[in-house]
Amino acid sequence: LKILCSPIFSSFLSIETISVSDKRHDILVKTDPNNKDVSHITLKVSPDRKWISYYYSGYGEGNPPQVDNNTYSFDVTSRVSKVVFNSGYFRGWRGNKIVYQLRSDDNDIWEISPDGSDKKLLLNVGEGELLELVASPDGNKLLYQIRDYKNKPFSARLYLYDLSTG
């Protein structure tokens, strides 16, 4: 498939690709134009480029304002989108698994397959606000940043967690 080697990007309300060789422009996912709450789409492509994980972002400009807490996966081969999980923050990819944080106070970091199967708890990062999370290229380590907003409002710490040793 040409899409597996073409640039994939978000142009505010759609996910698109452009084939450099034949200059073909293709819209993969398009936001409902009647949804006034969406200002842009945030996406990340899986390392094997067979999946795109994305969520809608916006400020609730509709009447009444709506919030979409879902994270979706788009299968590049079948061109089908589905909700993978809701009430969570999409954080990126660990190998070919989606890494996310539940919308709760416990800061649990989970992974799930793009088809919605194989949900697994990776770690609990403790108190504070999780700002960033990145998996190492081999998927064995997680680098994350926590802000200690209770004790030191403007401080943040970096942590490296080895999933193979804990």
Side-chain angles (χ1 to χ4, degrees), residues 4 8-10 12-15 28-29 31 35 37-62 64-78 80-166:
L4 296 179
I8 297 171
F9 61 94
S10 172
F12 296 107
L13 300 179
S14 62
I15 297 175
L28 305 175
V29 175
T31 304
N35 187 342
D37 297 313
V38 175
S39 61
H40 64 281
I41 298 173
T42 300
L43 69 94
K44 292 194 179 182
V45 181
S46 66
D48 64 6
R49 299 185 58 83
K50 294 181 180 180
W51 295 89
I52 301 169
S53 189
Y54 65 97
Y55 64 90
Y56 298 113
S57 298
Y59 297 101
E61 298 168 3
Q66 303 294 313
V67 176
D68 183 353
N69 290 328
N70 298 322
T71 293
Y72 301 84
S73 65
F74 176 81
D75 182 332
V76 171
T77 305
S78 69
V80 173
S81 284
K82 72 178 281 184
V83 174
V84 181
F85 62 88
N86 56 24
S87 295
Y89 299 102
F90 170 64
R91 295 294 183 174
W93 291 89
R94 179 177 170 257
N96 288 315
K97 302 261 180 148
I98 297 169
V99 178
Y100 67 100
Q101 172 192 8
L102 290 177
R103 289 185 197 268
S104 65
D105 294 332
D106 57 10
N107 277 342
D108 286 342
I109 303 300
W110 295 81
E111 73 176 7
I112 194 168
S113 295
D115 65 3
S117 66
D118 300 324
K119 180 179 173 182
K120 176 183 169 186
L121 176 66
L122 295 177
L123 77 143
N124 178 289
V125 297
E127 286 191 30
E129 178 185 4
L130 181 65
L131 299 175
E132 295 291 333
L133 180 124
V134 179
S136 62
D138 65 5
N140 291 327
K141 294 180 178 70
L142 297 176
L143 179 68
Y144 59 95
Q145 184 179 25
I146 297 286
R147 180 183 318 165
D148 184 1
Y149 56 87
K150 289 182 182 175
N151 300 320
K152 299 176 184 175
F154 299 106
S155 70
R157 292 187 178 149
L158 276 176
Y159 296 91
L160 183 63
Y161 183 80
D162 190 327
L163 292 163
S164 61
T165 62

* Take I146 and L130 through the test side chain to side chain contact (heavy atoms under 4.5 Å, CB included) and record every step on the way to the result. => CA-CA 5 Å; I146 297 286; L130 181 65; 3.8 Å; yes
* Asked: What do the steps show when you test L122 against W110 for side chain to side chain contact (heavy atoms under 4.5 Å, CB included), and what is the final call?
  -> CA-CA 5 Å; L122 295 177; W110 295 81; over 6 Å; no
* Where do L43 and F74 land on the side chain to side chain contact (heavy atoms under 4.5 Å, CB included) test, with the steps shown first? -> CA-CA 10 Å; L43 69 94; F74 176 81; over 6 Å; no
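Rounding to the nearest 0.5 Å gives a distance of 9.5 Å between CG of L158 and CG of L131. One distance of note links OG of S113 with CG of D115; it measures 5.5 Å at 0.5 Å rounding.
When side chains are defined from C-beta on, L163 does not count as touching N140, because their heavy atoms never get closer than 4.5 Å. Taking 4.5 Å as the limit, some side-chain heavy atom of F85 sits within range of a side-chain heavy atom of I112. Counting heavy atoms from C-beta outward, W51 and N96 have side chains that stay 4.5 Å or more apart. In this structure the side chain of Y100 reaches within 4.5 angstrom of the side chain of K119, judged on heavy atoms. With a 4.5 Å cut-off on side-chain heavy atoms, L123 and Y144 count as touching. The closest side-chain heavy-atom distance from L133 to Q101 is not below 4.5 Å. V125 is not listed as a side-chain neighbour of L142, based on a closest heavy-atom distance of 4.5 Å or more.
Remark: the backbone N or O of K44 is paired with a side-chain donor or acceptor of W93 at under 3.5 angstrom. Formation of a donor-acceptor pair under 3.5 Å by the R94 side chain with backbone atoms of G139 is found in this model. A donor-acceptor contact shorter than 3.5 Å is absent between the side chain of K50 and the backbone of T77.
What you find for S73 and P114 is that their closest heavy atoms are OG-O, 2.5 Å. Looking at every heavy atom in both residues, I98 comes nearest to S53 through CD1-OG, 3.6 Å.
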